[in-house]
Number of protein chains: 2
Amino acid sequence: MRIGELADRAGVSTRALRYYEEQGLLRSSRTAGGQRVYPPSAEDRVRLIRELYTAGLTSRVIAELLPAVDARHVGPELLARLLDERARTAAKVAELQAAGQRLDALIALATHPDSDACPATLDQAAARGSAP
Amino acid sequence: MRIGELADRAGVSTRALRYYEEQGLLRSSRTAGGQRVYPPSAEDRVRLIRELYTAGLTSRVIAELLPAVDARHVGPELLARLLDERARTAAKVAELQAAGQRLDALIALATHPDSDACPATLDQAAARGSAP
DNA sequence: CTAGAACTTGACGTCAACGTCAAAGGCAAA
DNA sequence: TTTGCCTTTGACGTTGACGTCAAGTTCTAG
């Protein structure tokens, strides 16, 4: 398949696909005229790349990661980085959930106009952590 | 307190504090000489701002949100945006957790060099969602 | 009163993952 | 062959939350 079809299938732009290639995340063969050609497996590869981006990894880290995925072998140095990134995502999840509770408190403020618990949730959570 | 102390206490840069003020997120009184002065409550305010940033909200949205927090009253239009943002954070949490499992699979690959389950987790999760 | 740390505004720099535009060439169908 | 969509490389633009530097002012300890 060519770049347009892959973009459609994977739900990204052609610009993104060229960018991924430029960053060493995605390979392609070429037609005689120089146009990029991808195997069907490229779709899953792009989805994986997107997912790793979603995890907050940079293209540089992903570029180091993908060969290990393909070879199914992770060296000790890369493992250290993986543990680091995993901790980072876990922390981010926790932060996001905490922030989500802030939003919930605000939403409760709007939907239950005269509850007493809401203000406490809004103001004091930051001051004393998150547990009561 | 002045800007440097607030920055230290809240764990942000002075540049960030001035930026928050510029964006209408943080107020300050001034000394006769024009230097910013903050009340002790500003520390919690900054932490709240940081938390909302962490939730993925932009400064513009936060600027609309904070008055509602102070007034403890959320209008219907803002409520709609809140529900939207809350859904966004929930989705982001889910994505982050999915991506975290990818990282876990890679980590397992490094720590249990010859398990059979790992490759499946690595490759096929994207192809069929996330449930087995 | 004076050194020097802390503060002021203003303005340009950064970084990542693309968006967008331009000019040119490739490809498939009629 | 011609029409017209797809693709190519190259290069500049965007966005958000600050970083950073500069030149000048204010505050405070001694």
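Just so it is clear: chains get the letters A, B, ... in the order the sequence lines come, proteins before strands, and each one is counted from 1.
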**OP:** Between protein and nucleotides 20-30 of chain D, map the contacts as a letter string: B base, S sugar-phosphate only, - none, heavy atoms under 4.0 Å, written 5' to 3'.
**Re:** B-----BS---
**OP:** Check the pair A:Arg36, A:Arg30 against side chain to side chain contact (heavy atoms under 4.5 Å, CB included), reporting the backbone distance first and the verdict last.
**Re:** CA-CA 5 Å; A:Arg36 270 167 266 253; A:Arg30 301 294 183 115; 3.0 Å; yes
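- In this structure, the CD atom of A:Glu22 is 13 Å from the P atom of C:dG19, given to the nearest Å.
- Salt-bridge check for A:Arg60 with A:Glu64: passed, with a basic side-chain N closer than 4.0 Å to an acidic carboxylate O.
- Protein atom CG of B:Leu6 is 11 Å distant from nucleotide atom P of C:dT8, rounded to whole Å.
- Remark: A:Thr54 pairs with B:Glu95 by the side chain to side chain contact (heavy atoms under 4.5 Å, CB included) rule, at least two apart or across chains.
- Within a 6.0 Å radius of CZ in A:Arg86, other residues, nucleotides and ligands contribute 12 heavy atoms or fewer.
- Each of B:Thr14 and A:Gln23 was assigned the nucleotide of DNA chain C with the nearest heavy atom; the assignment lying further toward the 5' end belongs to B:Thr14.
- The distance between atom CG of B:Leu17 and atom P of C:dT9, rounded to the nearest whole Å, is 13 Å.
- For residues 7-17 of chain B, the set of pairs meeting the salt bridge (charged side-chain N to carboxylate O under 4.0 Å, His left out) definition, not counting sequence neighbours, comprises B:Glu5-B:Arg9.
- What separates CG of A:Leu26 from P of C:dA17 is a distance of 15 Å, to the nearest Å.
- Between B:Arg36 and C:dC7 there is no side-chain polar atom (N or O) within less than 4.0 angstrom of OP1 or OP2.
- Atom OH of A:Tyr20 and atom C1' of C:dC18 are 8 Å apart (whole Å).
- Here A:Arg47 pairs with A:Glu43 in a salt bridge; the nearest charged N to carboxylate O distance falls below 4.0 Å.
- Legend: residues meeting side-chain hydrogen bond (donor to acceptor under 3.5 Å, both in side chains) with A:Arg18, ordered by chain and number and at least two apart, are absent.
- One interatomic measurement links the two molecules: CZ of A:Arg18 to P of D:dT7, which rounds to 8 Å at whole-angstrom precision.
- In this model, the phosphate group of C:dA17 is approached by a side-chain N or O of A:Tyr19 to a distance below 4.0 Å at OP1 or OP2.
- In this structure, A:Leu96 belongs to a hydrophobic cluster whose other members, linked by side-chain heavy atoms under 4.5 Å apart, are A:Val93, B:Val93, B:Leu96.
- The environment of CD in B:Glu22 is crowded: more than 12 heavy-atom neighbours from other residues, nucleotides or ligands sit within 6.0 Å.
- Regarding contacts with the backbone of C:dG19, a side-chain N or O of A:Ser13 is found under 4.0 angstrom from either OP1 or OP2.
- Between the CZ atom of B:Arg30 and the C1' atom of C:dT9 there is a distance of 10 Å, rounded to whole Å.
- Near DNA chain D, meaning a heavy atom under 4.0 Å away, the residues from residues 52-61 of chain B are B:Tyr53, B:Leu57, B:Thr58, B:Ser59.
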